[in-house]
Engineer: 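Take this structure first; my questions come after.
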Amino acid sequence: MEEKRREGLLEEKRLFFPPLEFRSKAVIQNSEVHELARDREKYWGEQGERLHWFKPWDKVLEWNPPFAKWFVGGKLNAAYNCLDRHLEGARRNKAALIFEGELGDRRVLTYQDLQREVSQFANVLKSFGVEKGDRVTIYMPMIPEAVIAMLSCARIGAAHCVVFGGFSSDALKDRILDAQAKVVVTSDGSYRRGNIIPLKESVDQALRGVSCVEKVVVIQRTGHPVDMKAERDVWYHEVIRNVTHLCPAEPMEADDMLFILYTSGTTGKPKGVVHTVGGYMVGVSTTHEWVFDIKDEDVYWCTADVGWITGHSYLVYGPLSNGATVVMYEGAPDYPEKDRYWEIIEKYRVTILYTAPTAIRTFMKWGENYPAGRDLSSLRLLGSVGEPINPEAWMWYYKHIGGEHCPIVDTWWQTETGMIMMTPVPGITPLKPGSCTTPFPGVCVEIVDPSGKPVPKGEGGYLVVCEPWPAMLKTVYGDDKRYVDTYWSDIPGAYFTGDEAKWDEDGYFWIIGRADDVINVSGHRIGTAEVESALVDHPSVAEAACVGKTHDIKGQSVFAFVSVKEGIEIGDQLINELKSHVVMKIGSLARPDDVFLTAELPKTRSGKIMRRLLKDIAEGRAMGDTTTLADATVINFLKKNIDAHK
Ligand code: 6R9
């Protein structure tokens, strides 16, 4: 796929126009919106008006490259904008969250319910000494309390750091320490395919030797026995009892921190991406309304976990700021049956579905009988995010889920961009299967060569953002230098996304994939350096190098080449041990599908591991130029043994 896109073999000519029925009712019908947003500051200033400000801003943007301040002088609160604002009118008793548990249990929270519980929990956090600017780590399953905890932090001005529940205790510990969190919010466990994942146990392990965390709040979800440490650990249902639901929302400077979210990069240490209140809220609120064409009567379902940026921006802050009804599902798509998603859509009459290509490819594999057995006629719009969607999967989604009448919004963006950056605007943009089409109004994205010069249409290069945008990250937590080095140093004058892309004669963008050492496994970013350092941590390993291998369902999988220390026996047992070691250090999402053991890794004469060759080997294709190799016997060994490995 990646190769096909790069070499231009992907000749996708099909064009799908917005159905008249959709277009005539769309939020955005004026096809000139992109033109009208040319004056970016004016445009984003107008969009700022959609929020409630305690104090209006003085200036839309202050730009000291590469540091931006949006809505300077303005004061607002994200939780207030997601909740309180909706309580005055008809939305007060509207469902904000429709939660469906894996076991089939359901909970509906209206805007009023949510506002009350968020205010109560905000008061609980305050009683634990959490103040504006403090950090709270949230390590939770997909249950309403995860959203409640996030909004409670936002209400009092503490920054939340949500860590995906699939991360191991080691990974959790790194993130708690980097953020110096004061409180951890977790649950006893979470359900996955009927099994219990013991989250509290991971928290206990993570907190060994950690002194910054003063309290651990535990939500009872599974009810299995857990250890509660005296003084430190408290049950959510106990501490929230009898707490007042009056808690004024803290007026925050637009540029204050709303949250930190960790993401993988090219080095072993995950980066704490910092998002601010004002710009982020304006960015996600605007894009959520325009891209998902959101109306009051919609039932909107985003399948992403709150542990990822998609969960933050398009399960919590975007939709709630727009007063939407959001479906939240706890479990796996194949539990108890492979039609669980379609059952949920049928049950709640979902109108908008936002999911990932890896899920769509999995559904394709399971076959169209599953969706065909359910009534999906309520759907009117579909979305995709996380990785390039291949045209076959796009067509399947369009036909078998959307019944050939729902536009698909393929949305390109990142943890760092905070908001959708490239996407169709569904009422006006003709769609090409596999292309995220064009930049969102008010966003400037370009494809450039290494010197920063835009490449002509029909060609490819590095994907950059050339103007500041409201939901852009403020910095890397505690490390401005890393922010500058990582994003603003490769391409002169622009933010480098780390992606490679092409644009066609019509100006449509086609993402090829990551240009850096990041592997996209099922839409999750895995840094090769992170997996490598997990492997090298094992006592038998001398050196490790990982590459991404094309995978039918996951997009890419991790392929690890490992050289072992002298005297270590090579065999299946060690391979399994190494895979488990990576799971323990990072989490199962980083488990290598392949581990190839070797005595030596191929290196250049200057000692650099030749990843390009490893990638050729992993993909099973002819090897490129090997002349710079220090020792050709290494590669011959790899070549010979890779067949045995298959
Ligand atoms: C939102 C999110 C970001 C990376 C990004 C790119 C890939 C995301 C995509 C896409 C092609 C799309 N990506 N959306 N590639 N088409 N529609 O996924 O954030 O987890 O930070 O990942 O994902 O490579 O650079 P994040």
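Since the structure is predicted, the reported quantities are computational estimates derived from the model, not experimental observations. Both ligands and their constituent atoms are indexed starting at 1 by order of listing.
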Engineer: Looking only at side-chain N and O atoms, does T276 offer a donor or acceptor that is under 3.5 Å from a partner on D255?
Structural biologist: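 Not at all, the side chains of D255 and T276 share no donor-acceptor pair under 3.5 Å.
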
Engineer: How about T411 and Y354: does a side-chain donor come under 3.5 Å of a side-chain acceptor?
Structural biologist: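 On atom types as modelled, these side chains qualify, holding a pair under 3.5 Å.
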
Engineer: Given the ring of W503, does K457 sit roughly above its face, with NZ or CZ under 6.0 Å from the centre of the six-membered ring and within 45° of the axis?
Structural biologist: yes

Engineer: Under 4.0 Å from ligand 1, counting heavy atoms only, is it the side chain of R525, its backbone, both or neither?
Structural biologist: side chain

Engineer: Can you figure out which of H312, E500, E387 has its heavy atom closest to atom 12 (C) of ligand 1?
Structural biologist: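 Minimum heavy-atom distance to atom 12 (C) of ligand 1 goes to E387.
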
Engineer: Taking atom types as modelled, find out whether E416 and T263 have a side-chain donor-acceptor pair closer than 3.5 angstrom.
Structural biologist: no

Engineer: Can you tell which part of R514 has a heavy atom less than 4.0 Å from ligand 1: side chain, backbone, both or neither?
Structural biologist: side chain

Engineer: Is it possible for you to check whether K549 lies under 6.0 Å from the centre of the six-membered ring of F559, through NZ or CZ, and within 45° of that ring's axis?
Structural biologist: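 Verdict for F559: no cation-pi partner in K549.
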
Engineer: Just which atoms of ligand 1 are under 4.0 Å from any heavy atom in V385?
Structural biologist: 1 (C)

Engineer: State whether the side chain of D174 and the backbone N or O of L177 hold a donor-acceptor pair below 3.5 Å, judged by distance alone.
Structural biologist: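 Not a single qualifying donor-acceptor pair exists.
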
Engineer: Could you tell me if R340 sits above the aromatic ring of Y329, with its cationic atom closer than 6.0 Å to the ring centre and no more than 45 degrees from the axis?
Structural biologist: no

Engineer: Please write down residue, atom name and distance for the protein heavy atom closest to atom 6 (C) of ligand 1.
Structural biologist: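 Of the protein heavy atoms, D499 OD2, 2.9 Å lies nearest.
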
Engineer: Among all protein heavy atoms, pick out the one at the shortest distance from atom 2 (C) of ligand 1; state its residue, atom name and that distance to 0.1 Å.
Structural biologist: W413 O, 3.7 Å

Engineer: I'd like to check which ligand 1 atoms, numbered from 1 as shown, lie under 4.0 Å from a non-hydrogen atom of N520.
Structural biologist: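 Selected atoms, number and element: 7 (C), 23 (O).
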
Engineer: Can a non-hydrogen atom of G386 be found less than 4.0 Å from any atom of ligand 1?
Structural biologist: yes

Engineer: Applying a strict 4.0 Å limit to heavy atoms, is W412 in contact with ligand 1?
Structural biologist: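 So W412 counts as touching ligand 1.
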
Engineer: Are any of the N/O atoms in Q414 less than 3.5 Å from those in ligand 1?
Structural biologist: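 Yes, there is a polar N/O contact under 3.5 Å.
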
Engineer: So, regarding T497 and ligand 1 (criterion: nitrogen or oxygen to nitrogen or oxygen, under 3.5 Å), is there a contact or not?
Structural biologist: no

Engineer: Does the side chain of D170 come under 3.5 Å of the side chain of S168 through a donor N or O and an acceptor N or O?
Structural biologist: no

Engineer: Give the numbers and elements of all ligand 1 atoms closer than 4.0 Å to a heavy atom of T310.
Structural biologist: 1 (C)

Engineer: Specify side chain, backbone, both or neither for T411, according to which of its non-hydrogen atoms lie closer than 4.0 Å to ligand 1.
Structural biologist: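 Within the 4.0 Å criterion, T411 contacts ligand 1 through backbone atoms alone.
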
Engineer: Heavy atom under 4.0 Å from ligand 1: found in T415's side chain, backbone, both, or neither?
Structural biologist: both

Engineer: Can you confirm if the aromatic rings of Y262 and F167 lie within a centre distance of less than 6.0 Å?
Structural biologist: no

Engineer: Is it the side chain (CB and beyond), the backbone, both or neither of C436 that lies under 4.0 Å from ligand 1, heavy atoms counted?
Structural biologist: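 None of C436 does.
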
Engineer: With distance as the sole test, does S321 use its side chain to make a donor-acceptor pair with the main-chain N or O of C82 at under 3.5 Å?
Structural biologist: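 A pair under 3.5 Å: no.
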
